[in-house]
Amino acid sequence: MSFYSRHRHNIQLAAVLLTVLAAVSHRWLPLKTYEITGSKGHTQLNLYSGKGYEYGEEADWVDKDAMKMRCTITPASEKTACGLDIAFYEWPKWENGINLHNYDTVHLDIDYQGSASKIRFYARNFHPDYSNVGDFNSTKYNTINLRTRDLTQPVDVPLSALVVADWWLDQFDIPLAQSHLDFSNITGMGFDFGSPIPYGEHTIHFKKIVFKGHYISSASWYLIIMSIWMLTIVVKTVRRLIYLREKNRRYLQRVSMLEADKNQLQNKAAKFEELSTTDSLTGAYNRFGIDRIITNLFEQRALMLPLTIIIADIDHFKRINDTEGHAVGDKVLSKLGRTILANIRENDFLGRWGGEEFIIICTHTDAQHGFLLAEKLRLLIEGTQFELENSTNSPRLNQQLHPQLHPQLKVTASFGVGEVQAGETFTETFNRADSALYEAKKQGRNCTVLAQHTNV
Ligand SMILES: Nc1nc2c(ncn2[C@@H]2O[C@H](COP(=O)(O)OP(=O)(O)OP(=O)(O)O)[C@@H](O)[C@H]2O)c(=O)[nH]1
């Protein structure tokens, strides 16, 4: 028994618990972060005010390294913009940005001093489907307005909370299919106020801008868990199928072996049955075999009626033995038995009753037909040539070597025939047929006598 078989239930339980744990543990997996600092890669920090990206009068750095800026808005700078632009591209390939697609939130730690109620955050995405290489404005404008009073402490802004600005959708006539948020190629992002900006001084200290996301998205995480389960199930199923196929093959092998054994045993049993019930010399049933048949037949006699018994006895067989020897006698018995067997029906049974006496049980045969059969057999025996060659132990060997001095051996038999009468036992019928045989012998042998019915 394998380790798995012994601990299967525990292993399965552990696997389920592990799965549940894995499913809920996604939120505690280590996060990947991307922090915006002025010194990172190709990141450039630009202040802008007025209409362009030049340093305007309204925007200036308090401390560029610390990302602290200031906007000074006076009535003279009415309707002006003021903000920080963070660019990620390497000029002039400004269409190559950074992929923030797999980030979930942006962590903002911003210290704002001023009277504006909102600060706008935006992230611009370049995509050839909707952006033109020569037109920076055609990058998608993903944006959110943050209330300054929410920024008094660090906030995590879900990227899904941003929207694509209406004016951008309008201006570039964006179809529905391209109007969703897109962070796959952010070329720039920034903070400003939108307009109008309240008069006065606005200092914004960007202490931390960090994008956070899972290395593996929750969907991918669950997909991995499910895939592991699916793979396990497939592997287990395949292994089980292989095991079952092998088991089935072995089982079929065993069945065919048993089948072969069974056939062998059946053949042997049939052989033994035949040997135990057949007289090997004559091919007829031996006494045990014919007794069994008689018992069976008399138990279901009604089915076999009319039923006739014929007893055949070789004439002067003792003389044959004495003059020709036992070996010749055996040959005569053998040939006679096989001659009778070849000339009776399938539902007649020939048995060697003892010595040179045979019994034939004829089912569905009445006395008259039994008599005719006996006569037919008698004539056949009388007309059969019993060869004497090879009988080397014959006392008359010399005569065999000279056949012209010794004619072919003639064998005859006498027959007694008796039909089973209603209510009669086998012994009673047999005795009547035996008496008929005795009568045939008395009449000079080589003849058939039909037994008298008892009620005649
Ligand atoms: N060779 C041989 N002889 C057998 C066998 N069984 C019986 N005998 C002989 O068959 C002979 C039967 O002789 P009997 O009963 O006197 O009858 P019979 O000589 O045929 O004379 P009837 O029946 O009156 O014509 C005996 O000599 C037995 O030894 C056998 O299996 N082989």
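Both counts, for ligands and for their atoms, begin at 1 and track the order of listing.
Of the candidates L373, L341, I361, D348 forms a side-chain contact (heavy atoms from CB on, under 4.5 Å) with just one, namely L373. Among K212, H107, K208, the one residue that satisfies the side chain to side chain donor-acceptor pair (under 3.5 Å) test with E35 is K208.
When hydrogens are left out, the protein atom nearest atom 22 (P) of ligand 1 is K441 NZ, 3.4 Å; that is the closest non-hydrogen contact. Looking only at heavy atoms of the protein, atom 7 (C) of ligand 1 is closest to G355 CA, 3.3 Å. Of all protein heavy atoms, the one lying nearest to atom 24 (O) of ligand 1 is R445 NH2, 3.0 Å.
Within 6.0 Å of NZ in K318 there are 12 or fewer heavy atoms belonging to other residues, nucleotides or ligands.
Considering backbone and side-chain atoms alike, I314 places an N or O below 3.5 Å from some N or O of ligand 1. At least one N/O-N/O distance between F317 and ligand 1 falls below 3.5 Å. Between K318 and ligand 1, an N or O atom pair is found at a separation short of 3.5 Å.
Among N321, D330, V332, the residue whose heavy atom sits closest to atom 8 (N) of ligand 1 is N321. In this structure, of R319, E356, H326, the residue bringing a heavy atom nearest to atom 15 (O) of ligand 1 is E356.
Residue contacts with ligand 1, taken as heavy atom pairs separated by less than 4.0 Å, do not involve D322 at all. Contacts between R352 and ligand 1, counted as non-hydrogen atom pairs separated by less than 4.0 Å, involve the side chain only.
Under the rule for a side chain to side chain contact (heavy atoms under 4.5 Å, CB included), the partners of R292 that lie at least two apart in sequence or sit in another chain are E273, T277, F288. Checked against salt bridge (charged side-chain N to carboxylate O under 4.0 Å, His left out), E259 has the following partners two or more places apart in sequence or in another chain: K262.
Distances below 4.0 Å separate heavy atoms of D313 from the following atoms of ligand 1: 23 (O). Distances below 4.0 Å separate heavy atoms of G329 from the following atoms of ligand 1: 1 (N).
Checking R352 against N286 by side-chain atom types alone, no donor-acceptor pair falls below 3.5 Å.
The CE atom of M67 sits 12.0 Å away from atom NZ of K207, with the distance rounded to the nearest 0.5 Å.
Ring-centre distance between Y103 and F183: not below the 6.0 Å cut-off.
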